[in-house]
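Atom set for the values below is all heavy atoms of this structure, side chains included, hydrogens, waters and symmetry mates excluded. Whatever order the structure lists ligands and atoms in, that order sets their numbers, starting from 1.
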Amino acid sequence: MKILTIMGSPRKGGNSDLLLDAFLAGAGEGGAFREKIAVCDLKISPCTECLACETTGECVIGDDMGEVYRQLIEADRVVIASPIFFYGLPGQLKALIDRCQALWYRNREESDGTGERKRSGFALLVGATRGKNLFTGSLLTVRYFLDTLPARLEGSLVYREIEEKGAILSRPDALEEAMKAGRTFAGGGGPRTSTGTSTIL
Ligand SMILES: Cc1cc2nc3c(=O)[nH]c(=O)nc-3n(C[C@H](O)[C@H](O)[C@H](O)COP(=O)(O)O)c2cc1C
């Protein structure tokens, strides 16, 4: 089984990165093949809405997204780890997601369908404040991004009041929870929503 993880923060070694590493450590216990990409290492231009992909299922922009498409197509499970920026996902990660419109067109019939999805995804999100709806928009974005593969959002862990680089390290409960979630996720799934902190989906 291949698990593709996407680290969406521009800050390497930051909270999303550390949380994802804990998740990956748990996921690795069962021997799953894990791949981690940091969006900040990639050059991914925003979607220009040329809609060439509507007929071909292929994006005409030549950049690092070509490799990401390949990785997404090969993955059995996909994990997004990200901070919240202005109640949404950071621009670099959102550019990657927007470019998956090509996959949506390619998989249109399956993506629209209500049938059982073999592939699944997971979201790990952090934010500095305590806003009630802090993760609402981003969880919806991840859910509909997964639709393009198509995959379903298996679960999510979200953490409020995490701000400075490394602040998540002072929440060993969160890291332990992420490790356990990784273990469950790699083992074939788990609760649709697994979080001690909160979620909307
Ligand atoms: C540009 C920017 C926008 C942000 N917007 C929000 C926000 O809307 N709500 C919030 O709670 N935190 C916000 N934050 C704080 C980050 O989500 C928080 O510091 C997070 O822990 C960073 O995670 P990272 O270390 O993985 O990058 C913002 C930070 C930046 C740099």
Side-chain angles (χ1 to χ4, degrees), residues 3-28 34-47 64-65 67-68 71-72 75 77-100 121-146 153-186 193-201:
I3 304 179
L4 176 65
T5 68
I6 301 173
M7 205 290 283
S9 173
R11 182 160 73 173
K12 277 197 169 172
N15 300 313
S16 316
D17 205 2
L18 292 165
L19 207 50
L20 180 56
D21 283 345
F23 187 97
L24 279 166
R34 293 151 296 147
E35 205 163 2
K36 177 179 175 183
I37 55 175
V39 177
C40 57
D41 285 339
L42 305 175
K43 290 218 181 317
I44 299 177
S45 302
C47 171
D64 290 342
M65 195 60 202
E67 178 63 11
V68 177
Q71 288 169 312
L72 284 169
R77 295 172 197 269
V78 176
V79 181
I80 297 268
S82 179
I84 298 298
F85 281 6
F86 288 90
Y87 272 70
L89 297 173
Q92 299 96 324
L93 175 58
K94 187 58 166 47
L96 181 156
I97 289 175
D98 290 349
R99 294 278 299 282
C100 288
F122 200 95
L124 298 164
L125 301 175
V126 290
T129 62
R130 295 165 57 181
K132 181 168 170 275
N133 298 316
L134 185 56
F135 302 104
T136 307
S138 300
L139 284 170
L140 287 169
T141 301
V142 173
R143 176 177 164 177
Y144 289 104
F145 153 68
L146 290 170
L153 184 59
E154 184 86 42
S156 56
L157 287 172
V158 300
Y159 298 99
R160 293 178 169 80
E161 297 184 88
I162 304 291
E163 184 159 21
E164 290 82 21
K165 186 173 185 178
I168 197 78
L169 295 174
S170 61
R171 291 282 310 272
D173 57 311
L175 297 172
E176 180 63 30
E177 195 172 33
M179 189 180 290
K180 275 191 195 151
R183 200 179 292 141
T184 308
F185 187 66
T193 300
S194 70
T195 171
T197 24
S198 88
T199 193
I200 55 146
L201 297 172

**Student:** Do Asp17 and Lys36 meet the salt-bridge criterion of a basic N to acidic O distance under 4.0 Å?
**Tutor:**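 Looking at Asp17 together with Lys36, the answer is yes, because their closest N to O distance falls below 4.0 Å.
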**Student:** Using a cut-off of 6.0 Å, state whether more than 12 heavy atoms not belonging to Tyr87 lie near its atom OH.
**Tutor:** yes
**Student:** Among Ile97, Val79, Leu72, Leu42, find the one that has a side chain to side chain contact (heavy atoms under 4.5 Å, CB included) with Ile6.
**Tutor:** Leu72
**Student:** Heavy-atom contacts with ligand 1 below 4.0 Å: which residues, ordered by chain and residue number?
**Tutor:**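 These residues qualify: Ser9, Arg11, Gly14, Asn15, Ser16, Pro83, Ile84, Phe85, Phe86, Tyr87, Val126, Gly127, Ala128, Thr129, Leu134, Ile162, Glu163.
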**Student:** Under 6.0 Å from the six-membered ring centre of Tyr159 and within 45° of its axis: does the NZ or CZ of Arg171 meet both?
**Tutor:**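 Arg171 over Tyr159 ring: no.
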**Student:** Any donor and acceptor pair, going by atom type alone, linking the side chain of Arg99 with main-chain N or O of Ser45 inside 3.5 Å?
**Tutor:** yes
**Student:** Not counting sequence neighbours, which residues clear side chain to side chain contact (heavy atoms under 4.5 Å, CB included) with Gln71? List them please.
**Tutor:** Leu4, Glu35, Ile37, Glu67, Val68
